[in-house]
Amino acid sequence: MTDLSWACPILHVDMDAFYASVAVRERPDLWEVPVIVGGGGRGVVLSANYLARHYGVRSGMPGTRARRLCPRAVVVSPDYDEFTTVSRAVMETFRRITPLVEAVSLDEAFLDVRGSAKRLGSPLEIAERLRAMVHDEQGITCSVGVAATVSVAKLASRRAKPDGVVVVPPEAITSFLHPMEVGELWGVGEKTRDLLLRFGLVTVGDLAHTPLPTLQRAVGDSLGRHLHQLAWGADRRELVPRSTADDPEKSMGANETFGRDTDDRDIISRELLRLSARVARRMRTAEVAGRTITITVRFADFTTITRSRTIPEATDVTHEVHRTALLLFDALGLQRARIRLVGVRVEGLVPRGSVHRQLMLGEREHGWRDADRAVDRARFRFGAEAIGPASLL
DNA sequence: TCTGGGGTCCTAGGACCC
DNA sequence: TCTGGGGTCCTAGGACCC
């Protein structure tokens, strides 16, 4: 077979059923049974192995539905520390192939192997080598898409699943892309898909053969242009080398769905405090602070609103975040609305060293900052359960 | 006992400033 | 006595991704 991969230096590597694979790799008792990760209570499925998928279980599906589809599936809780550890190791493996690794998430990365051909062979050979390395070192499988651009490589890896490689050489791009359904494109979700279907655009080929101005009238200038380019496989060929770990975050947040809907302000205030504490602690650990505090409120009927407020000085203080969050909540003036979820997010993060505190105004807050730091130290020494705001006890 | 939790980016209107 | 524009910040919502 002719190796057509030479013109395709972009690899997209995607772990197969990552969370589920990691969860079972040390559990031979689970190798032959359907396994679902997450989805307890009111949660949704994070990942499912291929045996569970055979029954129609998909990630993102409500756990209740998944358990109905496959009652004999074993449900396991996610262990994010473990996922992170395996992810880091896998990314290190990639960097032994090439330094040009753009991590997309814990279980996905793009690699530019342009410079590795002389040393390691064609992109296809590199893809197979890399899959063997991941399998031998981590005991999990992955799939690889090989193409000239990131979006085509991404679609190719999906086609390669599970445990395979798909190469899409330049001359095969249109025959590969155009039969696909528009919803398969990266960046086309449910809403855009429905919109396109209403205009009679079903396949990527339909999209490609619609005049650009027509498409832009339908979905807007910028999305229209973007989709048109994707439909011809024409997007970036250059990667932005980065790991998800060292990327500076622009916002940090936390939210929580209540076990049952509530209209009790005390319960909600306490939850906002817990979430504020969690977010502020992460900010202190990352040595960042932020000025814009946003709360999210989701009602029983699933309608969701956000309210935000920008304060004069960036903060990493639990008390300040919570005070602002509660202010925003009370300003909603809700009476007996049933609430399903609340969330707290801090945006506009900057390195804490760049924040200058106005001493006159900040004096009172310094006490709170010192208290937060003492709590952080105690948690570090004695564990997360040892100490927290009194009102959470 | 339908529908999580962590994010990013975009749009759009209004305020405000020059 | 007519009605500039550009830039930035803030707020709210929405779409999307894993």
Side-chain angles (χ1 to χ4, degrees), chain A residues 12-20 36-48 58-69 71 77-78 80 83-84 87 103-109 150-151 154 157-158 182-196 219-227 230 240 242 244-245 247-261 271 275 278-279 282 286 290-312 324 328 331-332 340-349:
Chain A
H12 179 254
V13 189
D14 200 333
M15 300 298 131
D16 298 327
F18 181 58
Y19 292 175
I36 295 172
V37 180
R42 300 223 263 185
V44 300
V45 173
L46 284 169
S47 178
R58 297 285 180 275
S59 51
M61 174 183 284
T64 50
R65 175 139 178 257
R67 291 193 292 273
R68 219 179 303 129
L69 284 171
S77 301
Y80 287 100
F83 299 153
T84 305
S87 175
V104 182
S105 66
L106 285 183
D107 71 329
E108 269 182 61
V150 297
S151 67
K154 168 102 180 162
S157 72
R158 196 182 302 164
V182 288
E184 296 203 43
L185 290 179
W186 199 17
V188 177
E190 202 189 332
K191 305 286 176 175
T192 307
R193 176 177 169 273
D194 288 351
L195 183 62
L196 293 170
V219 302
D221 282 2
S222 110
L223 183 59
R225 182 175 307 280
H226 181 62
L227 293 181
L230 287 188
V240 184
R242 65 174 167 207
T244 44
D247 226 13
E249 286 166 296
K250 300 185 169 81
S251 72
M252 288 188 188
N255 58 60
E256 177 90 2
T257 297
F258 294 113
R260 49 196 309 183
D261 302 342
E271 191 57 45
L275 297 170
R278 197 188 300 169
V279 172
R282 279 182 53 207
R291 285 179 58 211
T292 302
I293 288 108
T294 303
I295 63 164
T296 302
V297 177
R298 174 169 297 152
F299 299 100
D301 69 356
F302 228 72
T303 57
T304 306
I305 60 171
T306 62
R307 290 294 180 270
S308 65
R309 173 171 208 145
T310 301
I311 58 178
T324 309
L328 287 164
L332 292 171
R340 179 187 177 88
L341 164 150
V342 289
V344 175
R345 174 165 297 277
V346 181
E347 298 171 60
L349 300 185

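Every heavy atom of this structure was used, including side-chain atoms; hydrogens, water molecules and symmetry mates were not. In what follows, every chain begins at residue 1, and chains take the letters A, B, ... in the order their sequences are listed.
At the heavy-atom level, A:L185 lies under 4.0 Å from the strands shown only through sugar-phosphate atoms. Among the protein residues, A:S222 comes within range of the sugar-phosphate backbone only, with heavy atoms under 4.0 Å from sugar or phosphate atoms but none that close to a base. In this structure, A:R278 reaches the sugar-phosphate backbone alone: every heavy-atom distance under 4.0 Å involves primed, P, OP1 or OP2 atoms, never a base. A:V104 comes within contact range of no nucleotide atom at all, as no heavy-atom separation falls under 4.0 Å. A:M252 comes within 4.0 angstrom of the backbone, heavy atoms only, and of no base. Among the heavy atoms of the strands lying under 4.0 Å from A:L341 are primed sugar atoms or P, OP1, OP2 only; no base atom is included. Across all strands shown, A:G39 has no heavy atoms under 4.0 Å from either base or sugar-phosphate atoms. Residue A:T294 is classed as having no contact, given no heavy-atom separation below 4.0 Å to the nucleic acid.
A:T64 has no side-chain polar atom (N or O) that falls below the 4.0 Å cut-off from OP1 or OP2 of B:dT3. At B:dG5, none of the side-chain N or O atoms of A:R42 fall inside 4.0 Å of OP1 or OP2 (strictly under the cut-off). In terms of phosphate contacts, A:R298 brings a side-chain nitrogen or oxygen within less than 4.0 Å of OP1 or OP2 of B:dG4. For A:R345, no side-chain nitrogen or oxygen approaches OP1 or OP2 of B:dG6 to under 4.0 Å. Contact annotation: A:N255 reaches the phosphate of B:dG6 (side-chain N/O to OP1 or OP2, under 4.0 Å). Distances shorter than 4.0 Å separate none of the side-chain N or O atoms of A:K250 from OP1 or OP2 on B:dG6.
One can place CG of A:L195 at 15 Å from P of B:dT11, the figure rounded to the nearest angstrom. In this structure, the CG atom of A:D221 is 14 Å from the P atom of B:dC10, given to the nearest Å. In this structure, CZ of A:R158 is placed 8 Å from P of C:dC17, rounded to the nearest angstrom. The interatomic distance linking A:Y80 (OH) with B:dG4 (P) rounds to 13 Å, in whole Å. One atom, OH of A:Y19, and another, C1' of B:dG6, lie 9 Å apart when rounded to the nearest Å. Taking atom CG on A:D107 and atom C1' on B:dG6, their separation rounds to 14 Å, with Å as the unit. Note: CG (A:L223) to P (C:dA15) measures 12 Å, nearest angstrom. The separation between A:L230 atom CG and C:dC17 atom P is 11 Å, rounded to whole Å.
To the nearest 0.5 Å, atoms CZ (A:R298) and CG (A:N255) are separated by 7.5 Å.
Nearest-nucleotide positions on DNA chain B for A:R340 and A:R68 put A:R68 closer to the 5' end. Closest-nucleotide positions on DNA chain B for A:S251 and A:A300 were compared, and the one nearer the 5' end corresponds to A:A300.
Annotated as syn: B:dC2, whose glycosidic dihedral is within 90° of 0.
Here A:W186 does not count as stacked on C:dC17, because the ring centres are not under 5.5 angstrom apart with planes under 30°.
Of the listed nucleotides (B:dG4, C:dC18, C:dT11), B:dG4 has the atom at the smallest distance from the side chain of A:V44. When the nucleotides C:dG13, C:dA15, C:dT11 are ranked by their closest atom to the side chain of A:T306, C:dG13 comes out on top. Nearest nucleotide to the side chain of A:T192, out of C:dA15, B:dG5, B:dT8: C:dA15. In the set C:dC18, B:dC2, B:dG6, the nucleotide with an atom closest to the side chain of A:P62 is B:dC2. For A:E108, whose side chain is taken as the heavy atoms from C-beta onward, the closest listed nucleotide among C:dC18, B:dG4, B:dC2 is C:dC18. Nearest to the side chain of A:F302, among C:dC18, B:dT1, B:dG4, sits B:dG4. Of the candidates C:dT11, C:dG13, C:dC17, C:dG13 carries the atom nearest the A:R307 side chain, counting heavy atoms from C-beta on. The nucleotide whose nearest atom lies closest to any side-chain atom of A:K191 is, among C:dC16, C:dG13, C:dA12, C:dC16.
Relative ring orientation between A:F18 and A:F83 is described as tilted, the plane-to-plane angle lying within the 30° to 60° band.
Around CZ of A:R65, the count of heavy atoms belonging to other residues, nucleotides or ligands within 6.0 Å does not exceed 12.
Comparing B:dC16 with C:dG4, their C1' atoms sit 16 Å apart, to the nearest whole Å.
With A:S308 as reference, A:T294 is the one residue of A:I293, A:I295, A:T294 to meet the side chain to side chain contact (heavy atoms under 4.5 Å, CB included) rule.
Looking only at atom types and distance, the side chain of A:S59 has no donor-acceptor partner in the side chain of A:S47 under 3.5 Å away.
The backbone N or O of A:I311 lies less than 3.5 Å from a partner atom in the side chain of A:R291, making a donor-acceptor pair. Under a 3.5 Å cut-off, the side chain of A:R67 and the backbone N or O of A:G39 do form a donor-acceptor pair. Of the possible donor and acceptor atoms, none in the side chain of A:T296 sits under 3.5 Å from a partner among the backbone N and O of A:G343.
Across all strands shown, C:dG7 pairs with B:dC16; the Watson-Crick or G-U wobble distances both stay below 3.5 Å.
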